[in-house]
Amino acid sequence: MTRMSSAAAAAAFLVVAVAWPLLASAQPAPSMPPPSPPAAATNNSRLEKAYVALQALKRAITDDPKKLTKNWCGPDVCNYFGVYCAPAPDDSCQRTVAGVDLNHGDLAGTLPDELGLLSDLAVFHLNSNRFSGSLPESLRSLHLLHEIDVSNNQLSGPFPSQLLCLPNVQYVDIRFNNFCGEVPPAIFEKKIDALFINNNHFEFTLPESFTNSTASVIVLANLPRVGGCLPCSIGDMAGTLNELILLNSGISSCIPPEIGKLDKLTVLDLSFNNIAGTLPDTIGNMRALEQLDVAHNQLAGEIPQSICELPHLKNFTYSDNFFCGEPHRCLEVPHIDDRQNCIAGRPDQRPGEECISFLHRPKVHCDAHGCIAPPSPPPPPPPVYAHSPPVY
């Protein structure tokens with residue numbers, strides 16, 4: 001494998017350069033004393049600790065088919081492949097490890113506790129490898145960490161609560177792993193910019209704190225054991241939210257009209273859930289929307305024309321529902337998919353008897369929390385008399 005391209009390396013350094021001026025300069029002491037490294041000419045304690053951490057990582061790697069760590073020898077850690085140094089944020093005369101980027105390395109192994117010694121680390125990228133086990137508890141001491149991407153590995157265990165202790169983290173990507181259990185509601189309270197937790201084995205209900213998130217991108221896709229409802233408070237996310245992807249997340253809900261307040265949203269994917277009722281015409285207020293996918297749900301009624309008139313809408317997918325009508329304006333959207341509905345005159349629709357059967361179901365109602373309310377019980381049957389009812 002060739003060394004990271006100059007453009008990619010420059011991008012990594014740009015993240016560090018932007019992040020560090022915003023971060024606190026005071027650093028906590030590492031949680032474990034490092035063993036003595038070999039003599040180094042620099043007498044730089046930060047790089048000495050980094051040497052201990054990176055050598056521990058090298059020892060924990062059991063397979064390195066691309067020989068990424070082949071040059072990880074000696075105390076000059078700033079020359080290691082995938083390791084990026086910069087002046088320390090609190091002492092420009094001291095160099096320190098600011099970034100580790102071993103993306104797409106196909107590395108196998110585990111992540112050692114000594115990684116907590118990288119106390120100035122701002123960028124930690126290990127995506128598309130074969131690391132297993134859990135994230136080390138010592139990561140909670142990386143108070144300058146700005147980005148963590150360990151996606152597409154074989155990591156497991158509960159949601160890594162260490163992330164909640166990182167005061168400056170902005171980008172969290174743990175998707176495509178084997179994490180399981182509850183996702184703490186506090187993650188939605190953190191002031192982060194992007195949250196990717198999709199394609200794990202989490203099992204939780206969307207908490208009330210969900211709409212407190214300030215993230216611009218939230219991806220909870222392919223988490224079929226999540227469940228919950230789209231709350232009416234979803235409009236509170238209007239100030240920051242640009243992309244919301246909840247496909248195949250087990251949601252059983254109506255779409256609240258307050259969703260129309262998300263006027264900065266460009267991507268909304270609610271497909272492959274149990275979303276019922278109608279599409280609110282307030283979605284027509286989401287003027288930045290480019291992609292809307294509500295396929296494979298239980299939606300019905302007419303498609304509001306206001307949605308198809310959105311100025312930037314390029315892709316509108318509403319297949320595999322029970323819609324009975326769509327304005328002609330919708331056919332002018334660059335890409336639409338209206339198959340498997342109940343729209344007269346359109347190709348590839350549901351059989352008529354299937355549509356009629358759906359129309360005879362009880363009408364869907366949602367409660368004040370956006371959840372589908374249970375159907376009202378049928379009225380009691382009239383009394384049955386053994387003899388003719390008395391006449392008065």
Side-chain angles (χ1 to χ4, degrees), residues 1-19 50 53-73 76-86 97-112 114-116 118 120-136 139 142 144-157 159-160 162-163 166 169-179 192-201 217-223 243 245:
M1 178 176 177
T2 58
R3 192 174 177 86
M4 176 182 284
S5 69
S6 59
F13 277 117
L14 180 60
V15 168
V16 174
V18 171
L54 295 171
Q55 287 299 311
L57 177 58
K58 182 178 180 179
R59 289 192 300 272
I61 292 173
T62 57
D63 190 21
D64 182 3
K66 299 180 180 180
K67 309 299 181 185
L68 302 190
T69 61
K70 182 178 180 179
N71 79 330
W72 284 28
C73 301
D76 187 7
V77 296
C78 296
N79 196 44
Y80 288 6
F81 176 87
V83 176
Y84 300 93
C85 293
V97 172
V100 173
D101 191 327
L102 296 172
N103 285 348
H104 303 282
D106 198 25
L107 298 165
T110 57
L111 301 177
E114 287 87 348
L115 290 173
L118 299 172
D120 294 323
L121 199 67
V123 175
F124 189 45
H125 288 176
L126 294 179
N127 82 52
S128 304
N129 287 290
R130 290 177 285 138
F131 286 106
S132 59
S134 58
L135 289 180
L139 291 187
L142 305 184
L144 293 184
L145 195 63
H146 190 263
E147 291 189 8
I148 179 167
D149 182 355
V150 293
S151 61
N152 197 20
N153 278 283
Q154 299 167 17
L155 298 167
S156 59
F159 182 92
Q162 307 93 305
L163 303 179
L166 303 178
V169 70
Q170 290 291 300
Y171 182 96
V172 174
D173 192 345
I174 61 172
R175 57 187 155 170
F176 292 99
N177 278 290
N178 297 312
F179 293 113
I192 60 177
D193 183 60
L195 178 64
F196 299 86
I197 65 173
N198 52 288
N199 294 84
N200 280 285
H201 306 295
V217 179
I218 298 177
V219 182
L220 307 184
N222 296 318
L223 300 173
E243 297 184 19
I245 300 177

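Since this is a predicted model, take the numbers as computed values, not measurements. Sequential numbering from 1 along the given sequence is applied to the chain's residues.
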Do we see a donor-acceptor contact under 3.5 Å between the side chains of Ser128 and Asn103? no
Heavy-atom check, side chain of [X] versus side chain of [Y], under 4.5 Å:
X      : Y      : answer
Leu115 : Phe124 : yes
Asn198 : Ile245 : no
His104 : Asn127 : yes
Val97  : Asp120 : no
Trp72  : Leu57  : yes
Leu163 : Val169 : no
Arg175 : Val219 : no

Atom of [X], atom of [Y] and distance for their closest heavy-atom approach:
X      : Y      : answer
Leu126 : Asn153 : O-ND2, 3.0 Å
Pro112 : Pro136 : O-CG, 3.6 Å
Leu135 : Gln162 : O-NE2, 2.8 Å

Partners meeting ring pair (Phe, Tyr, Trp, His ring centres under 6.0 Å) with Tyr171 (sequence neighbours left out):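 Only Phe196 meet the ring pair (Phe, Tyr, Trp, His ring centres under 6.0 Å) criterion with Tyr171.
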One pair to check against side-chain contact (heavy atoms from CB on, under 4.5 Å): Ile174 and Phe159. What are the steps and the verdict? CA-CA 9 Å; Ile174 61 172; Phe159 182 92; 3.9 Å; yes
Return yes if some donor-acceptor pair links the side-chain N/O of [X] with the main-chain N/O of [Y] below 3.5 Å, else return no.
X      : Y      : result
Asp63  : Ala108 : no
Asp101 : Val123 : no
Asp106 : Lys66  : no

[atom1]/[X] to [atom2]/[Y] distance, rounded to the nearest 0.5 angstrom?
X      : Y      : atom1 : atom2 : result
Cys78  : Tyr84  : SG    : OH    : 12.0 Å
Thr69  : Asp64  : OG1   : CG    : 4.0 Å
Ile197 : Asn177 : CD1   : CG    : 12.0 Å
Ile61  : Asn129 : CD1   : CG    : 8.0 Å
Phe131 : Thr62  : CZ    : OG1   : 8.5 Å
Leu155 : Thr110 : CG    : OG1   : 10.0 Å

